[in-house]
Amino acid sequence: TGFDSPISFHSIPEAKAGIEGIRDYLAFYPLEKNDLVFFENAINYLDQNSSSFNEFDRAEFIKDFAIPISKRIFTMQKRLAIPFAGFLTAMNSESEVFFLPANFNLDFFAPSYNRSTTQHQIDLGKTLFFDPILSGNGEVSCASCHQPQNAYADHHQLAIDGEGSKARNTPTLLNSAFQNSQFLDGRVTYLEDQAQVVIGNQDEMHGSFKDAVLRIAEDQNYSSQFEAVFGAENSVTDLNLLKSIGSYVRSLSAPESKFDSYLVGKTELESEELRGFNLFMGKGKCATCHFFPLFNGSVPPLFMETESEVLGVPKSPLWENAIIDEDLGEFEINQAELKRFAFKTPTVRNAEITFPYMHNGVYNSLEEVIKFYNLGGGAGIGIELDNQTLPPDSLQLNKKEIEDLISFIKTLTDLK
């Protein structure tokens, strides 16, 4: 679905060639009678359904062919006693279906000093997350903006007390660990770095990171908790504070949506939801940037980088003669002209809850967001940008297709 596929329309024959290559490679091993049947079935299906990029049933292919192939390869590897990867990767190779969200390794996205964390450390981070002791005025906590009842976002257009040109919409923290950059401009790598920047931000937390650490060190209750978690006296340090909060936020990355349940065969999707998924992956071109199965900007198959895009987001919700929002985004970090007005691709998971949308909260509904894309982004509403990465062509989605697309997006809402 990604990169050039929605323009060249060659992804179906490319998928066939890829599966044929894997089949031919596996033929060098001692096989059992039915080992390659799954591959032949998939190849035949691709042959019979290769006429239309937009009409191809990706939901059926993933469920009935890709997942069985993954399971068969896993079975063959176990039978042949071939060891699994001995190094940390984004996906757990010791799982039958490695591309399911539940099989991603959170430690892969964590800094080396904060992997294999303990539940006690997560619990301490949770306590800190909800405690206004981290703020300079004792009134604001992380949860003031990242509200659990709102998928750890909020329904404000811009962040609380974040007035001015640098104020942006609050992103969800659910599944935020599945990416290699944080903040909408991608200016830091890890959740620990993000926590430090936010706590030290005068507009958001009204204080300083150094003062926050001192207040916690002076609190006898916290001193005892840190000592119990980290196993030494005077454990209230900058790093241990960040490790605790980072561990808690990372623990919020365990997708449990209706769509995830569908992938493992525990539930079925309604016909409109299935059509919506196929639109998301095909005609709607959503998965060109919001990659399956995380539906964020982490680029498969290695997930080593997180993409940003220039969409041409307007300052206000006008559909003609619109004006670009003045926030320069990633350009302010790296001064690269191609990144002027670029923002990190966010996750679509829980988008049903995390309105308003875009970095400036300009759109209040999924209907508005899809209309923006359907028109060709900024180029379709009168904004001229030489570096817009979103194709300016209309997607030609009709009303029913937009409704189906929204039905699918709602299946990405976590059920817990």
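Side chains included, hydrogens not; waters and symmetry mates left out as well; all remaining heavy atoms used.
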| said: Do the side chains of K344 and E307 get close enough for a salt bridge, i.e. N-O under 4.0 angstrom? | reply: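 Result for this pair is no, no salt bridge flagged.
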
More than 12 heavy atoms of other residues, nucleotides or ligands under 6.0 Å from [atom1] of [X]: yes or no?
{"X": "N221", "atom1": "CG", "result": "yes"}
{"X": "K210", "atom1": "NZ", "result": "no"}
{"X": "Q149", "atom1": "CD", "result": "yes"}
{"X": "L239", "atom1": "CG", "result": "yes"}
{"X": "K126", "atom1": "NZ", "result": "no"}
{"X": "E320", "atom1": "CD", "result": "no"}
{"X": "L338", "atom1": "CG", "result": "no"}
{"X": "E233", "atom1": "CD", "result": "no"}

| task | Could you tell me how the ring of F259 sits relative to the ring of F292: parallel (under 30°), tilted (30 to 60°) or perpendicular (over 60°)? | result |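 Because their plane-to-plane angle is over 60°, the rings of F259 and F292 count as perpendicular.
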
| query | Relative to each other, are the rings of F280 and F295 parallel, tilted or perpendicular (30° and 60° limits)? | reply |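 Correct class here is perpendicular.
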
Looking only at atom types and distance, does a side-chain atom of [X] sit under 3.5 Å from a main-chain N or O of [Y], one as donor and one as acceptor?
{"X": "Q388", "Y": "G312", "result": "no"}
{"X": "S253", "Y": "F178", "result": "no"}
{"X": "Q202", "Y": "G207", "result": "yes"}
{"X": "N296", "Y": "T345", "result": "no"}

| Quick one: are D131 and I216 in side-chain contact, heavy atoms under 4.5 Å? |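 When only atoms from C-beta onward are counted, I216 and D131 do not touch, as no gap falls below 4.5 Å.
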
| field | Those residues that, when tested against Y363, pass ring-ring contact (aromatic ring centres under 6.0 Å, His included) (two or more places apart) | value |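 So Y363 forms a ring-ring contact (aromatic ring centres under 6.0 Å, His included) with W319, F372.
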
| field | H155: partners by ring-ring contact (aromatic ring centres under 6.0 Å, His included), with sequence neighbours left out | value |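 Listed in chain order: F355.
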
Once side chain to side chain donor-acceptor pair (under 3.5 Å) is applied, do any residues pair with [X], and if so which ones, sequence neighbours excluded?
{"X": "K266", "result": "none"}
{"X": "E337", "result": "R340"}
{"X": "N374", "result": "none"}
{"X": "S247", "result": "N114, T117, Q121"}

| task | Measure from the ring center of F408 to the ring center of Y262 and say whether it is less than 6.0 Å. | result |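 No - the distance between ring centres of F408 and Y262 does not fall below the 6.0 Å cut-off.
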
| Sub-6.0 Å ring centroid separation between F104 and F303 |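 Close enough - the centres of the two rings lie under 6.0 Å apart.
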
| said: I'd like to know whether N350 forms a side chain to side chain donor-acceptor pair (under 3.5 Å) with D414, so could you lay out the CA-CA distance, the side-chain angles of the two residues, the decisive distance to 0.1 Å, and finally the verdict. | reply: CA-CA 6 Å; N350 297 293; D414 283 332; 3.3 Å; yes

| request: Give a yes/no verdict on a cation-pi contact between R58 and F53, requiring under 6.0 Å between NZ or CZ and the six-membered ring centre and an angle within 45° of the axis. | output: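 Yes, cation above the ring, under 6.0 Å and within 45°.
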
Of all residues at least two apart in sequence or in a different chain, which pass the salt bridge (Lys or Arg N to Asp or Glu O under 4.0 Å) check with [X]?
{"X": "E309", "value": "none"}
{"X": "R275", "value": "D404"}
{"X": "D57", "value": "none"}
{"X": "R215", "value": "none"}

| request: Just grab all the salt bridge (charged side-chain N to carboxylate O under 4.0 Å, His left out) pairs involving residues 60-77, residues at least two apart or on different chains. | output: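 Checked against salt bridge (charged side-chain N to carboxylate O under 4.0 Å, His left out) - neighbours excluded - the pairs reaching residues 60-77 are D35-R72, K63-E268.
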
| task | Sorted by first residue and then second, give each salt bridge (charged side-chain N to carboxylate O under 4.0 Å, His left out) pair with at least one member in residues 171-195; sequence neighbours left out. | result |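 Residue pairs passing salt bridge (charged side-chain N to carboxylate O under 4.0 Å, His left out), neighbours aside: R168-D185, D185-R187, E192-R250.
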
| field | N169 and H156: side chain donor to acceptor below 3.5 Å | value |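 There is no such pair between these side chains.
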
| query | If we ignore angles and hydrogens, is there a donor and acceptor under 3.5 Å between the side chains of S135 and N137? | reply |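 Yes, side-chain donor-acceptor contact under 3.5 Å.
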
